[in-house]
Trainee: 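One structure follows; several queries about it will come next.
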Amino acid sequence: MIPESVVKYQHEIWQAIGETFVMVGISITAAVLIGLPLGTLLYLFRKGQRYQNRPLFTILGSLVNIIRSFPFLLLVVFMIPFTRLLVGTSIGTLAATVPLSVIAIAYYARLVEQALLDVPKGVVEAASSMGASTIQLVVKFLYVEARSSLVLGLTTATISFISYSTVMGIVGGGGVGDFAIRYGYQRFETEIMVFTIIIMIILVQMIQFTGSRLSRWLDRRS
């Protein structure tokens, strides 16, 4: 039986879930569109790779490391001026996606780099011997060989982004975590708190199950 307090706030709950999906969806998109190429560049610029370039590798690697080592809550506050410049406000769900996307890009870039490093050297050598261009090497060889790991990495990253999204209430980002704090913790409604935790657990389990199944399917196609 659904608790009365949950029924009472069902509109706010659905709104919070929608805000979480917006924040996580935009951050995932940023991770794929920018983090994937960035991780690929880190791989290509690494020593021993086709375009080894120590200065560029050091600069990009250091930037990624700095962003990843930043405590997320401090990163959100630190980026308020940039967020306001970019989206016109520092408050709201859209504003919350800016720091979330930045950390998502850096986080996934490292996972991509590691996935590509796990590709057997024989695959790269075979591509080079066939005269493959850089684009062909990346798209037709590296990404194909690493596709299972890339999906698993994105799955892991997505779950982390959901966790990060729960603290976005500090900039009025909303989401399930913010709802749990405002309606469950601050108003001492334990049923609301428990219900939102269950929602988060179910959401994470669904993402993990889907990502793992897709990864295994892609791996069998190798």
Side-chain angles (χ1 to χ4, degrees), residues 21 23-70 72 75 97-165 203-222:
F21 273 109
M23 288 188 287
V24 175
I26 291 178
S27 64
I28 292 173
T29 302
V32 173
L33 295 181
I34 303 177
L36 180 61
L38 179 57
T40 305
L41 288 176
L42 285 170
Y43 169 83
L44 292 174
F45 290 154
R46 179 178 283 272
K47 183 179 179 181
Q49 302 304 331
R50 177 173 289 196
Y51 290 105
Q52 73 171 50
N53 188 312
R54 186 170 182 178
L56 284 177
F57 176 78
T58 301
I59 292 172
L60 291 179
S62 298
L63 181 61
V64 168
N65 288 338
I66 290 172
I67 293 174
R68 290 186 64 202
S69 61
F70 231 103
F72 183 64
L75 179 66
T97 64
V98 176
L100 198 58
S101 296
V102 169
I103 194 68
I105 291 168
Y107 189 92
Y108 191 52
R110 278 302 184 196
L111 294 178
V112 170
E113 180 192 15
Q114 185 58 56
L116 298 182
L117 285 172
D118 290 338
V119 174
K121 291 185 177 180
V123 173
V124 179
E125 293 171 354
S128 299
S129 66
M130 289 186 285
S133 65
T134 302
I135 296 297
Q136 290 173 328
L137 169 66
V138 170
V139 175
K140 295 186 177 181
F141 291 89
L142 292 176
Y143 286 171
V144 170
E145 287 293 322
R147 61 195 176 200
S148 178
S149 297
L150 291 174
V151 169
L152 274 181
L154 187 60
T155 301
T156 301
T158 302
I159 292 173
S160 296
F161 305 157
I162 292 175
S163 177
Y164 287 138
S165 73
L203 182 59
V204 167
Q205 292 299 318
M206 289 175 59
I207 292 172
Q208 185 65 63
F209 176 78
T210 303
S212 297
R213 289 293 297 269
L214 179 59
S215 176
R216 285 198 297 269
W217 180 73
L218 290 172
D219 195 41
R220 285 198 299 269
R221 293 187 61 193
S222 300

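Owing to the predicted nature of the structure, the values given are computational and were not obtained by experimental measurement. Numbers here simply count residues along the sequence, with the first being 1. Just so you know, these numbers use all the heavy atoms, side chains as well, and skip hydrogens, waters and symmetry mates.
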Trainee: Just wondering, do Ser212 and Thr155 contact through their side chains at under 4.5 Å, heavy atoms?
Mentor: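 The answer is no; the side chains never approach within 4.5 Å.
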Trainee: What is the minimum heavy-atom distance between Leu42 and Gly61, and which atoms define it?
Mentor: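 In terms of heavy atoms, the two residues are closest at CD2-N, 3.6 Å.
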Trainee: First locate atom CZ of Phe21, then atom CD1 of Ile162, and finally report the distance between them rounded to the nearest 0.5 Å.
Mentor: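 One finds 7.5 Å between CZ of Phe21 and CD1 of Ile162.
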Trainee: CG of Leu44 to CG of Leu116: how many Å apart, nearest 0.5 Å?
Mentor: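 One finds 8.0 Å between CG of Leu44 and CG of Leu116.
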Trainee: Which distance, rounded to the nearest 0.5 Å, do you find between the NZ of Lys140 and the CD1 of Ile135?
Mentor: 11.0 Å
Trainee: Which atom names give the shortest non-hydrogen contact between Ala106 and Ile67, and what distance separates them?
Mentor: CB-CG2, 3.7 Å
Trainee: Quick one: pull up CG in Leu214 and CG in Leu154 and give me the separation to the nearest 0.5 Å.
Mentor: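 If I round to the nearest 0.5 Å, the distance is 9.5 Å.
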Trainee: So, do Val119 and Phe141 sit near enough that their side-chain heavy atoms are less than 4.5 Å apart?
Mentor: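 No, side chains not in contact.
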Trainee: Tell me, do Leu117 and Tyr43 make a side-chain contact under 4.5 Å, heavy atoms counted?
Mentor: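 Heavy-atom side-chain distance check passes, below 4.5 Å.
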Trainee: Indicate yes or no: at least one non-hydrogen side-chain atom of Phe209 is less than 4.5 angstrom from one of Gln205.
Mentor: no
Trainee: I need the minimum non-hydrogen distance between Ile105 and Ala30, along with the two atoms involved.
Mentor: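 That closest heavy-atom pairing would be CG1-O, 3.6 Å.
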Trainee: Tell me, do Asn65 and Arg110 make a side-chain contact under 4.5 Å, heavy atoms counted?
Mentor: yes
Trainee: With the side chain counted from C-beta on, respond yes when Glu113 and Arg46 share a heavy-atom pair under 4.5 Å apart, and no when they do not.
Mentor: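 The answer is yes, as the side chains (C-beta and beyond) meet within the 4.5 Å cut-off.
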Trainee: Can you check whether Thr156 reaches Tyr107 side chain to side chain, under 4.5 Å on heavy atoms?
Mentor: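 Yes, side chains in contact.
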Trainee: Please enumerate all residues that pass side-chain hydrogen bond (donor to acceptor under 3.5 Å, both in side chains) together with Ser69, with sequence neighbours excluded.
Mentor: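 For Ser69, no residue satisfies side-chain hydrogen bond (donor to acceptor under 3.5 Å, both in side chains) once neighbours in sequence are set aside.
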Trainee: First locate atom OH of Tyr51, then atom CG of Leu41, and finally report the distance between them rounded to the nearest 0.5 Å.
Mentor: 11.0 Å
Trainee: What's the separation between atom CZ in Phe72 and atom OG in Ser160, rounded to the nearest 0.5 Å?
Mentor: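 Those atoms lie 11.0 Å apart.
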Trainee: Write down the atom of Leu36, the atom of Tyr143, and the distance for their closest heavy-atom approach.
Mentor: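 It is CG-OH, 3.6 Å.
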Trainee: Would Leu150 and Tyr108 satisfy side-chain contact (heavy atoms from CB on, under 4.5 Å), going step by step from the backbone distance to the final call?
Mentor: CA-CA 9 Å; Leu150 291 174; Tyr108 191 52; 3.9 Å; yes
Trainee: Work out which heavy atom in Val112 is nearest to a heavy atom in Gly35; give both atom names and the distance.
Mentor: CG2-O, 4.4 Å
Trainee: What's the shortest heavy-atom distance between Phe161 and Leu100, and which atoms?
Mentor: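 Answer, listing the atom of Phe161 first, then Leu100: O-CD1, 4.1 Å.
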Trainee: For the pair Ser129 (side chain) and Ala126 (backbone), establish whether a donor and an acceptor sit closer than 3.5 Å, ignoring hydrogens and angles.
Mentor: yes
